[in-house]
Structure formats: C-alpha cells, structure tokens
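Residue numbers count from 1 along this sequence. The figures here come from the full heavy-atom set of this structure, side chains too, leaving out hydrogens, waters and symmetry mates. Please read these numbers as outputs of a predicted model, since none were measured by experiment.
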Amino acid sequence: RRFIESWRNTMNRDDFQEYLMLPPYGAAHAEKQRELTEILQSLTMEHRASCPEYRRVLDALGFEMKDVLSLEDIPFLPVRLFKKYELRSVPREAIVKTMTSSGTTGQQVSKIFLDRETSSSQSKVMTRIVSDFIGSRRLPMIILDTSAVLKDRRMFSARGAGILGFSMFGRDRIYALNENMELDMDTLLLFLEKHRGEDIVLFGFTYMIWQHFCRRLRDSGIHPDISRGTLIHGGGWKKLAAEAVRPEQFKTTLRDLCGLEHVYDYYGMVEQTGTIYMECQYGHFHASRFSDVIVRDVQDWSVCPYGQTGVVEVVSALPRSYPGHALLTEDLGEILGEDDCPCGRLGKYFRLHGRMRGAELRGCSDTYEQR
C-alpha cells in the first residue's frame with residue numbers, strides 16, 4: 001500500500017504511474033473504494049487550489065474535505081457546465097490538446113483542456129482496459145468510418161478523437177467508408193482476403209455502422225466473412241431506438257450479415273477521455289479500477305440502491321488538468337451488481353436506459369446526421 005499511503009496528503013506522480021499499471025479489473029470493492037476515495041480527495045484539493053471556477057462551486061456548496069467519508073461524498077459537477085465555462089487547473093501554456101464534445105449545429109460544445117500528463121494517463125488506462133478484451137497484440141484493423149473525419153476540423157471532435165484513440169490497437173488499418181460515407185466494398189474485400197485466417201479488430205460508432213455498413217451489406221447481398229473479428233462500437237443508441245433497433249438486433253444483424261460474433265459496446269465521454277466502460281459478453285458495462293459509476297435519484301441526488309434507475313455519475317482518477325474527476329451525466333442507468341459478473345471482472349457493472357428527457361443529443365453517432 002506504499003503508493004496508496006502517499007496520497008493521503010499529496011499525489012506522488014511516480015506512485016500514480018505505478019497505480020496505472022495495475023490490472024484494470026483486479027480490485028474488489030473495499031480495495032477499490034479506498035484507492036479511489038483517496039485519489040479523488042487529492043484531486044478535489046488540487047483542483048480547488050488551481051481552478052478558480054471550481055473553487056467557487058465548492059465554496060457555494062459549503063464543501064469541507066472532512067465531510068468526505070466515501071466516494072459518494074466527493075462533490076460532482078454537471079457535465080453541461082463544461083459547455084458554459086472553460087475549466088482548467090493548469091496554466092494555459094501547459095495545454096497540449098483541447099478536446100471538444102460532439103454537438104449538433106448551433107449547440108455549445110464542451111472544451112476539455114489536457115496537459116501532457118493527463119493525456120498520457122488517459123492513453124495508458126484506455127490501453128489497459130481495451131487490451132483486457134482484445135489482448136495486447138495489435139491486430140489488423142477496419143475502421144468503419146471515413147478518413148475524412150481526421151482531415152475536416154469541423155468533424156474532428158469526440159468522433160475524431162475516438163478514431164485516433166482506438167486506432168492504436170490496430171495495424172495495417174483501412175477505412176471502410178469513402179469520403180461520401182459509402183461502403184468501399186473493394187477495399188474491404190481486399191483487406192479481408194489479405195488477412196484471411198487472422199484475428200482482426202473493427203471500430204466504429206453505432207449508428208454509422210448500422211446506417212452505412214449493415215444496410216449496405218444487406219442491400220448488396222454480399223456477406224463477407226468477418227467471423228474472426230472483434231467489433232468495438234459506441235454511441236448512437238438514441239437514434240437507433242427511434243428506428244426500433246435494440247442492442248440484441250444490432251448484434252444479430254452483424255452476425256447474420258458477416259459472421260461477427262464478438263461485438264462490444266462501450267460507454268464514455270470526451271469530458272473523461274480514456275475512462276471508458278466496456279461491455280462484456282454478458283451485455284454488462286464495467287467500471288475499471290480507475291473509475292466508478294454512481295447512480296443518483298433525480299429528486300434529491302441521493303445514491304440509488306442497486307437495481308434502481310437514476311442519473312449516472314461517473315468518477316475518474318485521471319483528470320488532473322481540469323476538474324472532471326466527478327461528473328453528473330445526463331444519462332439514465334442502474335447498477336446491476338459488483339464483483340460478481342459472470343465474466344469474472346471485478347468492479348461495478350451496470351446497464352444504461354438512455355438520455356434524460358430534454359437532454360441534448362451529444363454522442364458522435366447521435367449528432368452525425370444533424371451535421
């Protein structure tokens with residue numbers, strides 16, 4: 001517990017890097033709560049000292065660190081606050097990357113300021129989480145999107161960042177869609193022939209996969225063999241729900257069209273880049289060792305018991321350059337259990353129930369057609 005003890009007063013950078021190398025799903029409840037509570041206490045003090053806007057929020061709440069008895073006592077910020085204010089806890093010259101959220105035309109977007117240390121930590125954690133599902137070896141990769149998204153700064157926000165972030169898990173990458181968002185069948189089939197008999201990985205955003213990949217395969221009558229593939233996808237369920245497409249239908253369609261058996265959704269947001277919640281083979285989203293999920297009652301913000309639907313709060317050990325370590329989302333969900341998922345991963349696992357009524361569209365897939 002050497003590095004845990006060092007956080008009681010200040011977070012030692014070297015010890016924190018050691019912490020990031022721990023197994024992402026290897027901490028049971030007591031150990032994880034102790035780790036995260038102490039890390040978030042340190043982050044809260046850091047951000048209070050370094051971010052004037054955050055300090056004013058805590059002062060208005062009358063917050064005192066002595067009142068923190070558990071992770072649930074750490075004050076949270078509504079995620080929409082990042083659309084209204086530029087919140088950062090490091091000097092402007094230390095910023096190496098500014099992330100923006102997805103948004104429809106005319107919407108305000110969140111701005112998330114990353115210094116080198118925070119950006120590096122996010123990449124390390126994302127690598128450890130995803131590797132737990134697909135292995136550490138880089139695989140041939142199909143990106144179910146267009147390369148134009150990385151060239152057009154109007155498109156490059158959470159969508160472009162998602163593509164770049166997941167691209168590090170692949171090699172010999174191809175983009176399956178051309179600049180007109182049409183499926184490039186020739187490129188796809190040549191890639192599959194080149195890597196016949198190999199495991200491959202695919203990445204894309206849910207609605208765009210359904211719209212431009214599934215529908216095109218169905219209309220063409222061509223059924224490529226991607227049975228050795230693993231697809232990671234995220235976002236876009238609100239638009240698919242409007243078309244009466246449920247997660248099981250999404251998976252069944254991919255299996256029928258191209259033999260894809262391993263299809264994993266993920267939940268995440270630009271305000272906590274790197275902190276993603278992967279779906280296991282039992283359809284459960286999992287919080288890693290470096291993050292947690294709290295579900296709160298919309299009436300009084302109290303913590304909901306497991307099995308009760310409420311507003312999702314996400315906490316993360318990673319944000320140091322901005323006060324994004326405890327955020328209240330606009331999503332509804334329920335905690336299903338902890339440390340006892342049949343997949344064997346420790347930590348909380350949960351289910352999502354869509355957006356709160358009146359919440360803005362904000363996901364990469366959800367906002368795509370609006371653009």
Side-chain angles (χ1 to χ4, degrees), residues 24-41 43-44 57-58 61-81 129 234 237-238 241 246-248 264-269 271-272 275-318 324-359 363:
Y25 301 103
H29 174 81
E31 181 179 9
K32 178 178 174 179
Q33 291 300 305
R34 181 171 57 250
E35 290 176 1
L36 274 181
T37 299
E38 294 181 358
I39 294 170
L40 263 72
Q41 285 176 319
L43 284 173
T44 299
V57 170
L58 297 194
L61 293 173
F63 172 75
E64 297 290 345
M65 189 59 71
K66 63 180 176 58
D67 298 328
V68 175
L69 302 178
S70 68
L71 195 61
E72 290 83 0
D73 297 325
I74 298 291
F76 55 80
L77 295 182
V79 71
R80 195 174 290 201
L81 210 61
I129 290 172
W237 283 114
K238 186 166 184 176
R246 304 299 301 162
E248 192 50 48
Y264 300 122
D265 196 359
Y266 77 93
Y267 175 62
M269 59 197 67
E271 291 85 0
Q272 284 188 353
T275 302
I276 60 172
Y277 302 85
M278 289 287 291
E279 178 192 31
C280 72
Q281 64 267 38
Y282 295 95
H284 303 153
F285 288 105
H286 281 262
S288 77
R289 182 181 207 134
F290 316 108
S291 65
D292 211 353
V293 169
I294 300 165
V295 174
R296 295 191 179 273
D297 191 308
V298 70
Q299 300 299 323
D300 59 6
W301 308 120
S302 61
V303 177
C304 293
Y306 291 2
Q308 179 178 319
T309 297
V311 184
V312 174
E313 176 190 346
V314 288
V315 302
S316 171
L318 305 183
H325 54 303
L327 301 177
L328 188 72
T329 73
E330 296 175 342
D331 299 312
L332 299 173
E334 63 173 307
I335 306 295
L336 300 174
E338 185 172 15
D339 296 341
D340 58 0
C341 180
C343 77
R345 293 177 176 86
L346 299 180
K348 289 179 186 172
Y349 55 99
F350 62 101
R351 180 183 295 128
L352 295 171
H353 295 300
R355 308 280 288 160
M356 294 176 64
R357 185 176 298 176

CD of E313 to CZ of F76: how many Å apart, nearest 0.5 Å? 6.0 Å
From OG (S291) to CG (L318), nearest 0.5 Å: 8.0 Å
To the closest 0.5 Å, what do you measure between CD1 (I276) and CZ (F285)? 10.5 Å
Work out which heavy atom in T329 is nearest to a heavy atom in V311; give both atom names and the distance. O-CG1, 3.3 Å
Side chains of L352 and L332, heavy atoms from C-beta outward: is any pair under 4.5 Å? no
Indicate yes or no for a side-chain donor-acceptor contact from Q272 to the backbone of V314 under 3.5 Å, with no hydrogens or angles considered. yes
Could you pull out the closest heavy-atom pair between A287 and Y277, with the gap in Å? CA-CD2, 3.5 Å
Looking only at non-hydrogen atoms, find the nearest pair between T275 and S316 and report the distance. OG1-OG, 2.7 Å
Considering only residues two or more places apart or on different chains, which pairs with a residue in residues 288-318 satisfy ring-ring contact (aromatic ring centres under 6.0 Å, His included)? Y19-F290
Does the pair I74 and V68 meet the rule for a side-chain contact (heavy atoms from CB on, under 4.5 Å), with working shown? CA-CA 6 Å; I74 298 291; V68 175; 3.8 Å; yes
Going through the checks in order, is the side chain to side chain donor-acceptor pair (under 3.5 Å) test met by E279 and H284? CA-CA 5 Å; E279 178 192 31; H284 303 153; over 6 Å; no
Note: A27 and K32 closest approach over all heavy atoms is CB-CB, 4.0 Å
Could you tell me the separation between the CG atom of L77 and the CG atom of L328, rounded to the nearest 0.5 Å? 9.5 Å
Closest non-hydrogen contact found for I129 with P24 is CG1-CB, 4.3 Å
In short, salt bridge (charged side-chain N to carboxylate O under 4.0 Å, His left out) pairs touching residues 67-77 with sequence neighbours left out are none
Candidate pair V315 and L40, rule side-chain contact (heavy atoms from CB on, under 4.5 Å), full reasoning: CA-CA 8 Å; V315 302; L40 263 72; 3.7 Å; yes
Nearest 0.5 Å please: distance from the CD atom of E38 over to the CG atom of L71. 11.5 Å
Does the distance from a Lys or Arg side-chain N to an Asp or Glu carboxylate O, for K348 and E338, drop under 4.0 Å? no
So, does D331 use its side chain to make a donor-acceptor pair with the main chain of M356 at under 3.5 Å? no
Taking only residues two or more places apart in sequence or in another chain, which ones pass ring-ring contact (aromatic ring centres under 6.0 Å, His included) with H286? Y349
From D292 CG over to F350 CZ, what is the distance, rounded to the nearest 0.5 angstrom? 9.5 Å
Looking at C304 and D297, what are the two nearest heavy atoms and their distance? SG-N, 3.3 Å
With heavy-atom distances below 4.5 Å as the criterion, would you say the side chains of I335 and V293 are in contact? yes
